[in-house]
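Letters go in sequence order (proteins before strands), and every chain restarts at 1.
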There are 2 protein chains.
Amino acid sequence: MAEALTSEAILAATEEVLRRYGPAKATVVDVAKALGVSHGSVYRHFATKAVLREAVTRRWLDAIHEEMEKEFDPNLSAGDLLRDWLQRLFDKKRLSHTEDVELFTTFRTLVGENSAVIEYHLDHLVGQVARIIRAGVDTQEFVTDDVEKTAQAVWDATQVFHHPAHAQEWGNPHIQDAFDAVVSLVVAGLRYNRTPSATGDA
Amino acid sequence: MAEALTSEAILAATEEVLRRYGPAKATVVDVAKALGVSHGSVYRHFATKAVLREAVTRRWLDAIHEEMEKEFDPNLSAGDLLRDWLQRLFDKKRLSHTEDVELFTTFRTLVGENSAVIEYHLDHLVGQVARIIRAGVDTQEFVTDDVEKTAQAVWDATQVFHHPAHAQEWGNPHIQDAFDAVVSLVVAGLRYNRTPSATGDA
DNA sequence: GGACTGACAGATTTCAATATCTGTCAGTCC
DNA sequence: GGACTGACAGATATTGAAATCTGTCAGTCC
């Protein structure tokens, strides 16, 4: 009865319990036990188990966002900026997958439980891609008449390297070559792209 | 005891049983029952249940291959050929998904059970992409010093539109726009691509 | 004698009873 | 009086005994 129970402490304990038991076995009772309180106390801070899980998920994704937010090096071309940014994202995902598959799978499940959180996460990251592309358009390195749409296309074209459904492929020894080939293709496309309506025929 | 039991009849019956009960419930006994024979007879043609399932899967994929094998229109540019081919594949996958999700899921499970079948399937389709790209390189419409690698990159960049893990996204009303944007980006890249080793810097 | 059957052992799945968990709330404790 | 407890109802998960399935093979049937 020393310290008051905080939402933050509950989130940390929940993360620990999820890490230990996995998403299928982790219960609110486990969280309460880890904190030395009754499970009723947890419900004073989070209305339902689903809300608690969502909060943990959001917390985790925010950490990724922060890491990907790094300032851009103004000496690099937009192509290299984009390449570096995608490489950084890929390295982060791949590392977190190979270092602890079970934890990775746990968070994949959590994210999959709440499509609102996914949308928030993707919007943020695609927004960062859009920022890089806009910089490239400003310096006339890139050509596009719809930055948002093109950013989404770059995101879609690189799904293999960040979508969790493709995580098992990240262990392939040639995956970095595949990444380089796709990113080169995409960057080349950005330097010489016309949107569908403008291409029509060859 | 009129006709002799053929492997072909067993395959057809297995497909029907899979269609009806799904991959989790379909048993060899069900197949035998559908054929009016004892399940021991099925084992005279297929050593194990896994082998039987693999044969059905291969049969199904072969049908896709055949449909995608269509002759190329020599009047079209390589870019349009590639766009059409990818569109055809996407339409086929999307249709089979939206028309009967359960059957689609069943085959997804079957394919997932045997990585050898996946490899055979992918090699075949990526080979077709390579053929189109090679044609484009021959007419100097496309630029690449490694057709195979580039074909794989085109395949990887379009995963969202053929990999079954992304099937749920195919129902999105804007998916065709996303497809057009990615394919435009990729085709533009093929027209102005340098492989990673040759790009180095901007 | 070769295609087929059906009974069998061991592995897997089903099902219903039992236990645990979620979410609530009246009551306890500083 | 506000943070916390713990007993409770209904929902969900676990478990182990019973049923079913896989794969084999000696035996039957044209």
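- For residues 31-58 of chain B, proximity to DNA chain D is found at B/His39, B/Tyr43, B/Thr48, B/Lys49, defined as any non-hydrogen atom under 4.0 angstrom from a strand atom.
- In terms of modelled atom types and a separation under 3.5 Å, the side chain of A/Arg53 and the main chain of A/Asn114 share no donor-acceptor contact.
- Within the 4.5 Å cutoff, the side chain of A/Tyr120 has heavy atoms near those of the A/His65 side chain.
- Ring centroids of A/His163 and B/His163 are separated by 6.0 Å or more, keeping the two rings apart.
- Among A/Asp100, A/Leu18, A/Leu61, A/Val56, the single residue meeting the side-chain contact (heavy atoms from CB on, under 4.5 Å) criterion with A/Phe107 is A/Val56.
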Check your understanding: Using Watson-Crick and G-U wobble pairs with both distances under 3.5 Å, what is the 5'-to-3' dot-bracket string of DNA chain C, with [ ] for crossing pairs and | for pairs outside the strand?
Key -> ||||||||||||||||||||||||||||||
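- For the pair A/Asp30 CG and C/dT22 P, the interatomic distance rounds to 8 Å; values are reported in whole Å.
- Between A/Trp170 and A/Phe90, the ring planes lie perpendicular to each other; the angle is over 60°, past the 30° to 60° tilted range.
- Counting non-hydrogen atoms under 4.0 angstrom, B/Val29 reaches a base of the nucleic acid.
- A donor-acceptor pair under 3.5 Å is formed between the side chain of B/Thr6 and the backbone N or O of B/Ala9.
- Counting non-hydrogen atoms of other residues, nucleotides and ligands closer than 6.0 Å to NE2 of A/His174 gives a total of 12 or fewer.
- Applying the side chain to side chain donor-acceptor pair (under 3.5 Å) test to pairs two or more places apart or on separate chains, those with a residue in residues 30-50 of chain A are A/Thr27-A/Asp30.
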